[in-house]
Amino acid sequence: MKNKKHHERTRAQESSNAIERMYITMRHLFNRGFYKPMGISGDTLRQSLLLLRPEIYGSIGEEKAELAGLLYVIDRLPQGIEECTFINLTSDEGYSNSHFKPIIPEKRKRNCYRIDDEQMNIEITRGRSEIYDILTHLTFLFVESHKISNRVLAHEEEGVITRDWEKLEKAVLTKKKLTQPEREVAITHTANILGRTFNELTAAYGGFATPSQPERLLHIVYWLGKLAIEEQLDKNKRTITFSPVLRERIGHHIHGEIWADSIKETLHKNGLLERPIHIISANMHSVMNTLFAPEALKTEFPNKDVYEVYEQLSKKENQDIRNKVTVTALESGMTFIQDTSGTNIDVQIFDTSKIDFDKIDIKANNEALKSKKPIILVMDYAFGEQAYETIDELLKPYKVKGTKVLLNVESISIMGKAGILEGGKGDIMIPSAHIFEGTADNYPFTNELKKEDLEGQGIHVYEGSMITVLGTSLQNKDILKFFYNSTWNVIGLEMEGAHYQKAIQAASKVRRSISPDVKVRYAYYASDNPLETGSTLASGGLGTTGVRPTYLITRKILEQLFN
């Protein structure tokens, strides 16, 4: 008799299903206009997140509090959000013209406004991916807050709180600065509340501190717990709302269109609109530094290796030498377009006819460059689905006095950070296709960058498919192992690739607004390995590990453009 096939669901299938449920739920709640994260309306979102247990949120499914995940989330949400009962997601609705001061999270550029003691407004200008990102982080935050309230209210008469909580409250509400012994007493009580050791809390403490709020960890734990206790005792539930204007505008490319038009207008004003254009999606420093740092800093670093110079430029304290490179770039034909559209994507335009290639340490075909005079357009990183909106709008023709002018886009290069599934932080991935998570949609392409282009530089290079995920905060090991071990041959994950390629293919193969022979380049460097414990995004930034791969990719892209 044949062996019967088992139909038990694997953890990867359960996780995949949980992600799908979360996305359907988030869209439903958005259309509804409001929900209570810890009420019945938020139940599906909570249960799915607890079933999924993403790597970034560490011990979310356990009784003890999660510290690394909490720091990751808090850095991406506005300061003071833990004190708010009402969180309102809005479009750009004119708060910048009011007395409200924008609060910009440290690790995510977005404008937030504290309306009063109870309400925080978060401005959404980057599309649906930003909404998913925020809702997932808030769900994590509120789940953690209920862990605190459950411990504070446990084994007590109804409404009576523990001594640990009273001591934490006293430390947080005191007006005077805490001494070291007072701080350690407060940490002891907080560690009890969080189910963590004194050592664990002391190690995490500095990461949460800010100059204006040195005891921020105590403050966050207290307010998260306080609002959760009020939810449980007084049924005073926290609420998330979506403004009517946001619900009306989302998905209509409003910010992307304004952004793209201002770029094309600048190109037109400077007489550059009909020149060959090379678009690079990267950060705002690597192309500029590669082109101008050798000349600008020749007296500061006469004999230093070029990568050591890049490392010095990446250090926070070296603002003066960064300024020097920027001044040289502006004097050598760079135009900077500061974003005012709300996309949070700044742009640099480099006119190669004004660059002295004898002062650049990248080999270039001077004759070809002199005759063609190409333009390099560098745009800052997009966020998730925003990649489609921005590139789609940028590649559309521009109207000059009623006449459509098609852009002469010769190449589009995408460089970014991604999670790697084989290898570690700082390694390089060269994709051959992007697969969109949760669907069978796949975007194969001919990548002008090859593995051999970047090998032999002391960095591991991997080539294969990459998965464009719906949000990095939703990945868990089971799903990633499935992709890694399956015939999809996935080497890494990121959030924008499929969106970029979808827009490029539409413009070049369907709409024909740019040449069907446009060259594409994709390369990513690893920010983390989500399959390795302790190597997720929540374990901290790349530091200087990211400098070498960033500039290695940048130099290779420019070398191909110049030849």
State whether a side-chain donor-acceptor pair under 3.5 Å links [X] with [Y].
| X | Y | result |
| --- | --- | --- |
| Gln119 | Asn121 | yes |
| Tyr205 | Glu215 | yes |
| Gln312 | Glu308 | no |
| Ser286 | Asn289 | no |
| Gln47 | Thr44 | no |
| Glu422 | Asn529 | no |
| Glu83 | His219 | yes |
| Asp92 | Thr125 | no |
| Tyr500 | Ser281 | yes |
| Ser129 | Gln386 | no |
| Ser243 | Glu93 | yes |
| His146 | Glu231 | yes |
| Glu118 | Thr85 | no |
| Ser341 | Asp339 | yes |
| His189 | Asp164 | yes |

Between [X] (side chain) and [Y] (backbone), is there a donor-acceptor pair under 3.5 Å?
| X | Y | result |
| --- | --- | --- |
| Thr174 | Ala171 | no |
| Arg114 | Ile81 | no |
| Gln319 | Arg322 | no |
| Arg46 | Gly39 | yes |
| Gln348 | Met284 | yes |
| Asn17 | Gln13 | no |
| Arg247 | Asn31 | yes |
| Glu144 | Leu141 | no |
| Trp259 | Ile345 | yes |
| Arg151 | Ile193 | yes |

Is the shortest side-chain heavy-atom distance between [X] and [Y] below 4.5 Å?
| X | Y | value |
| --- | --- | --- |
| Ile229 | Ile148 | no |
| Thr10 | Phe482 | no |
| Ser15 | Leu51 | no |
| Val221 | Leu168 | yes |
| Thr188 | Thr190 | no |
| His255 | Glu389 | yes |
| Val469 | Ile479 | no |
| His137 | Phe140 | no |

Heavy-atom pair of closest approach, residues [X] and [Y]:
| X | Y | value |
| --- | --- | --- |
| Ser149 | Gly225 | CB-O, 4.2 Å |
| Gly384 | Glu496 | N-OE2, 2.8 Å |
| Leu52 | Ile19 | CD2-CG1, 3.6 Å |

Between [atom1] on residue [X] and [atom2] on residue [Y], distance to nearest 0.5 Å:
| X | Y | atom1 | atom2 | result |
| --- | --- | --- | --- | --- |
| Ser96 | Lys101 | OG | NZ | 14.0 Å |
| Leu49 | Asn476 | CG | CG | 10.5 Å |
| Tyr381 | Asp346 | OH | CG | 13.5 Å |
| Met38 | Arg238 | CE | CZ | 7.0 Å |

[X] bridged to [Y] by N-O distance under 4.0 Å:
| X | Y | value |
| --- | --- | --- |
| Lys481 | Asp478 | no |
| Arg196 | Glu200 | yes |
| Lys147 | Glu63 | no |

Inset, instruction - Measure the acute angle between the ring planes of Phe242 and Phe30, then classify it against the limits of 30° and 60° as parallel, tilted or perpendicular. - result: perpendicular
Within the 6.0 Å centroid threshold, strictly below: [X] and [Y]:
| X | Y | result |
| --- | --- | --- |
| His253 | Tyr388 | yes |
| His285 | Tyr310 | no |
| Tyr222 | Trp165 | yes |

Establish, for the pair [X] and [Y], whether the NZ or CZ atom is under 6.0 angstrom from the six-membered ring centre and no further than 45 degrees off its axis.
| X | Y | value |
| --- | --- | --- |
| Arg27 | Tyr23 | no |
| Arg53 | Tyr57 | no |
| Arg216 | Phe208 | no |

Inset, instruction - Could you please spell out the steps behind the side-chain hydrogen bond (donor to acceptor under 3.5 Å, both in side chains) verdict for Glu66 and Ser59? - result: CA-CA 5 Å; Glu66 165 59 30; Ser59 57; 3.0 Å; yes
Legend entry - Criterion side chain to side chain contact (heavy atoms under 4.5 Å, CB included) on Tyr307 and Val309, from CA distance to verdict: CA-CA 5 Å; Tyr307 287 98; Val309 177; over 6 Å; no
Legend entry - Verdict with supporting geometry, Arg110 and Glu130, salt bridge (Lys or Arg N to Asp or Glu O under 4.0 Å): CA-CA 10 Å; Arg110 52 170 75 109; Glu130 192 169 20; 2.7 Å; yes
Legend entry - Within 6.0 angstrom of Ile40 CD1, more than 12 heavy atoms from elsewhere: no
Inset, instruction - Under the salt bridge (Lys or Arg N to Asp or Glu O under 4.0 Å) rule, what do Asp133 and Arg108 come out as? Steps first, then yes or no, please. - result: CA-CA 11 Å; Asp133 191 54; Arg108 192 72 84 219; 3.7 Å; yes
